[in-house]
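Inspection log for the structure reproduced underneath, given as structure tokens.
Letters A, B, ... are given to chains in the order of the sequence lines, protein chains preceding strands, and every chain is numbered from 1.
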Amino acid sequence: MMEVIAFYLFAFLTIAMFATTVLTNNALYALSSLAAGMIFISAFYFMLDAEFLGVVQIVVYTGAVMALYAFGMMFFDTIADVKEDIKHPKLVFLLSGGIALLVVVIFTAPIISGNIIAEHPMSPEYGNNVKDVGLVLFTKYLVPFELAAVMLLVAMIGGIILAGKKMDVSITQLSEEEIDKLSSNSEMTKDKK
Amino acid sequence: MMLNDYLILSTILFCIGLIGVIRRKNLLMLFFASEIMLNAVNVGLAAVSKFHGDLSGQMFAFFIIAVAASEVAIGLGLLILAYKRKNSLSLDNLQSMGG
């Protein structure tokens, strides 16, 4: 009984928060309602016995991703309302028709999926979700895990180079000759030392 | 709660994100909408993982979270560059090739 109440409460809250994110015209409201929705999403993970995933959701999404968005929004004009003009109302009708079709397909799909069984169940059953996740992650999914680590490193370097290097001149905006001039200047200063 | 309830919730959240992607003309809002879609899929994967007794669903959710984190890092860098160049984040202003 308690689980049913919790499910509907958090479902209502999550849908309300994400609908606010999608429909509001204020970037700050969108950001904060998105962060709240991420927290509410983690409640479902706790209900589904995926405690580790719930904690990761809170730490990574509301901790890291939202902080990154908040940091990024310092560069943009966030106080002003987001101006959007929709020029082709017919296209909107067409796309909402497509969404309706998608909804029908997804709602009927669970009927078919009722017959699916897991072929090679990977659940070691330590009775502790964190231990189970650790065991599976470092045996069956070791290579994807390390690839994800490399991907995060590449993303970090890419983010630093795109946004952070030489904030006043932004080398990605210069022409080739100007970049050559910059690098030769720095080499000359190195030689002098 | 049954698997279907979680899958229906996941569908609703995914459609909210999809509406956002279609309706929005601002790049930052498009990023928010794509985060919503990724989260919706994660809920579905965790639900399937529980009701089929298979941890693989949770593993995929972890990898999706890692992909989302790196997407945000790169995407925000590109957004800052686009804002420096065009002084706006609207999709209409990003068109640079006339055709």
Below 4.5 Å from any heavy atom of chain A, which atoms of [X] appear? Answer side chain, backbone, both or neither.
X	result
B:F51	side chain
B:L13	side chain
B:F63	side chain
B:V67	both

Tell me, side chain or backbone of [X] under 4.5 Å from chain B's heavy atoms, or both, or neither?
X	result
A:L153	neither
A:M47	both
A:Y61	side chain
A:V133	both
A:A11	both
A:L34	side chain
A:F18	both
A:F10	neither

For each of [options], tally heavy-atom pairs with chain A at distances under 4.5 Å, and name the one with the top tally.
options	result
B:A68, B:G75, B:A47, B:S70	B:S70
B:I12, B:V21, B:N42	B:N42
B:L9, B:T11, B:I22, B:N39	B:N39

Within this structure, what is the [atom1]-[atom2] distance for the pair [X] and [Y], rounded to the nearest 0.5 Å?
X	Y	atom1	atom2	result
B:C15	A:L102	SG	CG	5.5 Å
B:N26	A:N25	CG	CG	9.5 Å
A:D132	B:L55	CG	CG	5.5 Å
B:I36	A:I15	CD1	CD1	11.5 Å

Review point. Counting only heavy atoms not in A:F7, do more than 12 fall under 6.0 Å of its CZ?
Key: yes
**Study point:** Neighbour count above 12 (heavy atom, 6.0 Å) for B:F60 CZ
**Key:** no
Side chains of [X] and [Y]: does their closest heavy-atom pair fall under 4.5 Å?
X	Y	result
B:M29	A:V22	no
A:L162	B:I80	no
B:I65	A:L53	yes
A:K140	B:M59	no

Cluster question for you: counting only ILVMFWY and a side-chain heavy-atom cut-off of under 4.5 Å, with indirect links fine, are [X] and [Y] together?
X	Y	answer
A:V60	A:I39	no
A:F40	A:V4	yes
A:M74	A:L31	yes
A:V130	A:L142	yes
A:M151	A:Y141	no

Which of [options] touches chain B most, by non-hydrogen pairs under 4.5 Å:
options	value
A:G158, A:A64, A:P144	A:P144
A:G72, A:A50, A:A149	A:A50
A:I41, A:I99, A:T14, A:L147	A:I99
A:F44, A:F145, A:F71, A:Y69	A:Y69

Check your understanding: Pick from B:L79, B:L28, B:L76: which one makes a side-chain contact (heavy atoms from CB on, under 4.5 Å) with A:M73?
Key -> B:L28
Study note, to complete from the structure: In terms of heavy-atom contacts, A:L152 and B:A69 come closest through CD2-CB, 4.2 Å
Check your understanding: Which heavy atom in B:Q58 sits nearest to a heavy atom in A:D49, and how many Å separate them?
Key -> NE2-O, 4.3 Å
Practice item. Begin from the C-alpha positions of B:F62 and A:F52 and carry the test ring-ring contact (aromatic ring centres under 6.0 Å, His included) through to its verdict. Key: CA-CA 10 Å; B:F62 284 125; A:F52 191 65; 5.4 Å; yes
